[in-house]
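Each remark here refers to the structure printed beneath this line.
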Protein chains: 2
Amino acid sequence: MDGKRRTTPLARTCEVPHACPAPLRLKVLSHAPWFAGLSAEEIEAIDRRMRVSGYAEGETVYRAGAPATHLFILATGRVKVLRPSLDDGEVLVDVITPGAMFGSLAALGNSACPDTARTLTVSCALRLSAEGFREVLRRHPGVALAVLDDMAARLEASQQAMRRLAGGTVEQRVAATLLTLAGKLGEPRGDTVLLQVPLTRSDLAAMTGTTTESVSRTLSRLRRDGVVSTGRRWTALTDPARLARIARG
Amino acid sequence: MDGKRRTTPLARTCEVPHACPAPLRLKVLSHAPWFAGLSAEEIEAIDRRMRVSGYAEGETVYRAGAPATHLFILATGRVKVLRPSLDDGEVLVDVITPGAMFGSLAALGNSACPDTARTLTVSCALRLSAEGFREVLRRHPGVALAVLDDMAARLEASQQAMRRLAGGTVEQRVAATLLTLAGKLGEPRGDTVLLQVPLTRSDLAAMTGTTTESVSRTLSRLRRDGVVSTGRRWTALTDPARLARIARG
DNA sequence: CGTTCGTTTGACGGATATCAATGATTGTGG
DNA sequence: CCACAATCATTGATATCCGTCAAACGAACG
């Protein structure tokens with residue numbers, strides 16, 4: 001790139017929280033994987049079952065330990081999913097993008113949430129109670145199949161991620177993790193992909209099963225080699241192809 | 001126990017393959033998590049949709065790469081799930097016990113199986129086509145919810161396993177893996193828990209993300225300390241409590 | 001009995017965790 | 001607007017775990 005950029009390439013998000021309007025909600029729902037293929041009427045029927053909530057940046061949607069009573073579908077914004085770690089901290093587990101579901105499906109109705117959800121930006125989410133969820137599944141069998149597909153895909157992804165984490169060097173794991181994140185929420189900027197996520201070294205360390213120092217060293221090396229460039233609240237993959245090669249070994 | 005046993009504590013399985021009889025099938029189905037709470041008539045209706053197959057020891061149920069056309073529910077026996085590794089080998093991913101489902105739900109109908117299933121013992125499995133599965137879900141919404149719970153639980157378990165594998169020493173990971181396996185298919189023998197699974201060092205290594213040598217060393221140490229004892233086709237946890245303490249660190 | 005496969009043990013080097021110190025960035029209160 | 005504190009990032013030195021290479025051993029199988 002130009003090599004003289006002095007400002008961060010971040011777009012500041014400083015809007016006020018808001019509940020998103022009906023047309024947007026319907027658009028999001030009709031594009032969400034869970035409800036693909038449903039008729040407009042069905043989408044509207046489902047929409048009527050859901051409550052809308054707007055959240056400010058950094059607001060907590062639900063907290064680990066609280067009873068899991070609702071599922072959420074993100075309409076706009078970004079939400080991070082955090083899991084309490086042993087030493088009283090929190091580690092980033094996932095980042096949710098619009099159209100995706102979050103909330104503790106496993107714990108629904110029975111036990112406590114294993115994790116916390118907090119917004120990264122101003123966000124709007126649709127909320128569905130456990131009872132409402134069951135009702136939707138009963139009424140729309142096609143949705144149940146889609147949800148099942150989603151869960152199966154997540155399971156498969158999780159198992160693949162596990163295998164990635166198990167073997168390989170720290171560099172490979174960091175590279176693979178960055179690529180996964182980029183695939184999910186990267187924004188293309190010419191050749192490079194920009195990750196507008198406040199990703200601390202500790203977050204990356206927890207995700208790759210290593211320490212903050214090792215992550216820092218690895219990123220320094222990658223930066224020297226011109227593969228990535230980083231700032232405090234962003235990360236850019238300047239050579240994704242090369243990064244992929246590194247991830248594969 | 002008697003303390004003077006010189007032979008391996010294994011029960012030989014040398015029965016002939018067979019398709020299990022209807023009463024057994026119904027018993028298995030009514031105890032399977034997916035169909036819990038269904039009426040006898042519903043169970044029978046589902047049973048009629050399924051085909052029964054008997055398998056000999058070591059027989060392949062389905063092979064990685066083949067199109068994923070069926071789901072299976074294990075009625076009797078043990079089935080191992082293997083995933084092809086990069087170097088042309090196979091690594092053990094999971095062991096299925098009666099009542100549990102196996103088969104590539106994620107790939108159903110669309111893509112190819114990511115893994116292979118092979119019997120560890122003479123087994124009997126119920127087979128359900130992708131179409132039949134969708135049909136069952138449509139007809140019995142309660143089953144869809146149970147399946148969803150199952151998938152969610154598996155996803156949660158997978159993510160926890162991932163976190164376990166990510167951090168910690170080889171000893172901790174091996175201990176945790178042994179405990180997980182024991183919880184799934186261990187047979188209590190007084191204080192100790194017996195794992196009647198042909199578990200090679202390579203299998204354990206792949207599951208814990210390390211090498212056969214490291215696993216061997218670790219098990220030798222644990223054996224010296226009286227925590228486990230191993231044979232060629234079995235593993236026994238002689239002090240599960242201590243092993244759990246090791247796993248936690 | 002020899003072959004093969006899995007296991008065990010040793011020696012060694014490299015990757016990486018740990019400890020420690022410094023530098024950079026952000027946010028805060030004056 | 002500035003100084004300060006707090007947090008995060010970076011870098012270095014050192015110890016150690018563990019992966020790699022190598023060899024011996026044992027069990028199963030024909």
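In what follows, every chain begins at residue 1, and chains take the letters A, B, ... in the order their sequences are listed. Being a predicted model, the structure only gives us computed values, none of them experimental.
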Between which nucleotides of DNA chain D, read 5' to 3', does contact with chain A run, using atoms under 4.0 Å from its heavy atoms? dT7(D) to dA13(D)
Start with the C-alpha gap between Thr121(A) and Arg78(A), add the side-chain angles, then the distance that decides, and say whether side-chain hydrogen bond (donor to acceptor under 3.5 Å, both in side chains) holds. CA-CA 6 Å; Thr121(A) 67; Arg78(A) 290 279 143 84; over 6 Å; no
Taking atom CZ of Arg118(B) and atom CG of Leu120(B), what is their separation to the nearest 0.5 Å? 10.0 Å
Return a single string for nucleotides 16-21 of chain C, one symbol per nucleotide in 5' to 3' order, where B is base contact, S is sugar-phosphate-only contact and - is none, cutoff 4.0 angstrom on heavy atoms. SSBB--
Residues Thr116(B) and Arg63(B): side-chain donor-acceptor under 3.5 angstrom: no
Given Thr192(A), Leu181(A), Val227(A), Leu179(A), the one that forms side-chain contact (heavy atoms from CB on, under 4.5 Å) with Leu237(A): Leu179(A)
Identify the two heavy atoms, one from Thr230(A) and one from Val228(A), that lie closest to each other, and give their separation to 0.1 Å. CG2-CG2, 4.3 Å
Which atoms form the tightest heavy-atom contact between Val28(B) and Ala75(B), and what is the distance? CG2-O, 3.5 Å
Find the distance Leu204(B):CG to dG6(C):P and express it as a whole number of Å. 14 Å
State whether Asp94(A) and Lys184(A) are salt-bridged, where the test is any N-O pair (Lys NZ or Arg NE/NH1/NH2 against Asp/Glu carboxylate O) under 4.0 Å. yes
Compare all side-chain heavy atoms of Leu219(B) with those of Leu178(B) and state whether any distance is below 4.5 angstrom. yes
Quick one: Leu222(B) CG to dT9(C) P, roughly how many Å, whole number? 12 Å
Would you call Glu171(A) and Arg221(A) a salt bridge, using N to O less than 4.0 angstrom? yes
Starting from the first five and the last five pairs of the helix from dC1(C)-dG30(D) to dG30(C)-dC1(D), work out the angle between the resulting helix axes, to 10 degrees. 40°
To the nearest Å, how far apart are Arg201(A) CZ and dT25(C) P? 12 Å
Just call it for Ser216(B): base, sugar-phosphate, or nothing, with non-hydrogen atoms closer than 4.0 Å on any strand. base
Can you see whether Arg201(A) engages Ser216(A) through a side-chain donor-acceptor pair at a distance of less than 3.5 angstrom? no
What is the distance, rounded to the nearest whole Å, between atom CZ of Arg233(A) and atom C1' of dA24(C)? 16 Å
Whether Glu156(B) and Arg154(B) form a salt bridge (side-chain N of Lys/Arg under 4.0 Å from carboxylate O of Asp/Glu) is what I want to check. no
